[in-house]
Chemist: 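Take this structure, written in structure tokens, and hold onto it; I'll ask about it next.
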Amino acid sequence: MRIATWNVNSVRARLPLVSAFLEKHQPDVLVLQEIKGEDDTFPRAAFEGQGYHAEVFGQKAYNGVAILSREKPYNVLRGLPGDPPDTQARYLEVTIGGVRIASLYVPNGNPLDSEKYTFKLAWMDRLTARARVLLATEEPVLLAGDFNVIPTAKDVDDPSGWEHDALYAPPVRAAFRALVNLGYTDALRTLHPDDPRLFTFWDYKARSWERDAGIRIDHVLLSPEAADRLTEAHVDRAWRDEPQASDHAPVIVELSCWALR
DNA sequence: ATGGTTGTTCCACAA
């Protein structure tokens, strides 16, 4: 089972690239973040024409997550339990082929010491509570998306440039670590323990891509039942080099697939 | 410390 995650920074602006990605890699599941539009603006017909179901949780202009899949998704959950009534579209969870899969987009949280920062920490607390519930099911679970967290100094080209940023703040990194330490496996880092350039995001500004001044903030976390089946994980950097690229590259993982249902 | 870029939308705001 091939599963990919990609922060596309507007699915409408990125439709040609996303379609090319599906065509090339034929993933069983592609989870998207920052689709940046309401559900009725999602290019559903284009993806259905390529043989994919689309589950969408969007909002106007900002945020928005979606899950494309070959098989029909079931038991759809929109938003995190405990979200405020004016919830931002940042979390979508479905079951596909016996695997519980979440597409998530953690708040950016900048600047530090703002309401956005406290909202990020509160959101991560709700995510951790949800992750604990999912672990208890003892089913294969995959939490994938843009976590907006640089886990360690190994995950950033130049740590000094991020010292005062909400993606690298110690409490944010501690919250991510606590989530992983519930019992999840960081698929990318586990399979590439010593790669010093395992990045998924390069800012549009300051020629970051050309300098490979990247960070690793897009993650795939696996429950033990999913981690048992992990055979492959990598960043597909080529999509960051395309014309009209997103500022994120997709992450692709493979789970060996037998009798998951 | 500042400025650098992209997308959505309507004008700044978010990233």
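We use all heavy atoms of the structure for the numbers below, so side chains are in, but hydrogens, waters and symmetry mates are not. Within every chain, numbering begins at 1; the chains are lettered A, B, ... in the order of the sequence lines, protein sequences first and strands thereafter.
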Chemist: Could you check how far CG of A:Asp158 sits from P of B:dG4, rounded to whole Å?
Modeler: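 Rounding to the nearest Å, CG of A:Asp158 and P of B:dG4 are 20 Å apart.
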Chemist: Determine the Euclidean distance between corresponding P atoms of B:dA14 and B:dC10; express it in Å to zero decimal places.
Modeler: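 B:dC10 and B:dA14 have their P atoms separated by 14 Å.
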Chemist: Just the rounded figure in Å: distance from P of B:dT8 to CZ of A:Phe42.
Modeler: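 Distance, rounded to whole Å: 14 Å.
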Chemist: Do nucleotides 9-15 of chain B as a string where each nucleotide becomes B, S or -: B if the base has a protein heavy atom under 4.0 Å, S if just the sugar-phosphate does, - if no protein is that close.
Modeler: SS--BSS
Chemist: Considering residues at least two apart in sequence or located in another chain, which fulfil the salt bridge (charged side-chain N to carboxylate O under 4.0 Å, His left out) criterion with A:Asp203?
Modeler: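 With sequence neighbours excluded, A:Asp203 shows a salt bridge (charged side-chain N to carboxylate O under 4.0 Å, His left out) to no residue whatsoever.
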Chemist: Would you list the pairs meeting ring pair (Phe, Tyr, Trp, His ring centres under 6.0 Å) in which at least one residue belongs to residues 53-87 of chain A, sequence neighbours left out?
Modeler: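 Matches after skipping sequence neighbours: none remain.
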Chemist: Tell me the interatomic distance from A:Trp202, atom CH2, to B:dG4, atom C1', rounded to whole angstroms.
Modeler: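 Distance, rounded to whole Å: 19 Å.
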Chemist: Could I get the full list of salt bridge (charged side-chain N to carboxylate O under 4.0 Å, His left out) partners for A:Arg78, not counting sequence neighbours?
Modeler: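 In terms of salt bridge (charged side-chain N to carboxylate O under 4.0 Å, His left out), with neighbours along the sequence ignored, A:Arg78 is linked to A:Glu55.
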Chemist: Which residues pass the salt bridge (charged side-chain N to carboxylate O under 4.0 Å, His left out) test with A:Arg44, sequence neighbours left out?
Modeler: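 For A:Arg44 the salt bridge (charged side-chain N to carboxylate O under 4.0 Å, His left out) partners, ignoring immediate neighbours, are A:Glu48.
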Chemist: I want to check one thing: is the phosphate of B:dG7, taken as OP1 and OP2, less than 4.0 Å away from some side-chain N or O of A:Arg14?
Modeler: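 Answer is yes, contact under 4.0 Å.
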Chemist: What residues, two or more places apart in sequence or in another chain, satisfy salt bridge (charged side-chain N to carboxylate O under 4.0 Å, His left out) together with A:Arg70?
Modeler: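 A:Arg70: no salt bridge (charged side-chain N to carboxylate O under 4.0 Å, His left out) contacts found.
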Chemist: Run through A:Phe201, A:Trp209, A:Trp239 and flag the one making a ring-ring contact (aromatic ring centres under 6.0 Å, His included) with A:His248.
Modeler: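 Answer after filtering A:Phe201, A:Trp209, A:Trp239: A:Phe201.
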Chemist: Considering only atom P, compute the distance from B:dA15 to B:dT9 and round it to an integer number of Å.
Modeler: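 Pairwise P distance, B:dA15 against B:dT9, rounds to 15 Å.
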Chemist: Which whole-number value in Å describes the distance from A:Asp165 CG to B:dT2 P?
Modeler: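 In whole Å, B:dT2 P and A:Asp165 CG are 17 Å from each other.
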Chemist: Using the C1' atom in both, what is the distance from B:dC11 to B:dG7, to the nearest Å?
Modeler: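 The answer is 14 Å between these two C1' atoms.
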Chemist: Measuring only the P atom in each nucleotide, how far is B:dA1 from B:dT6? A whole number of Å is fine.
Modeler: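 Result for the P pair: 26 Å, nearest Å.
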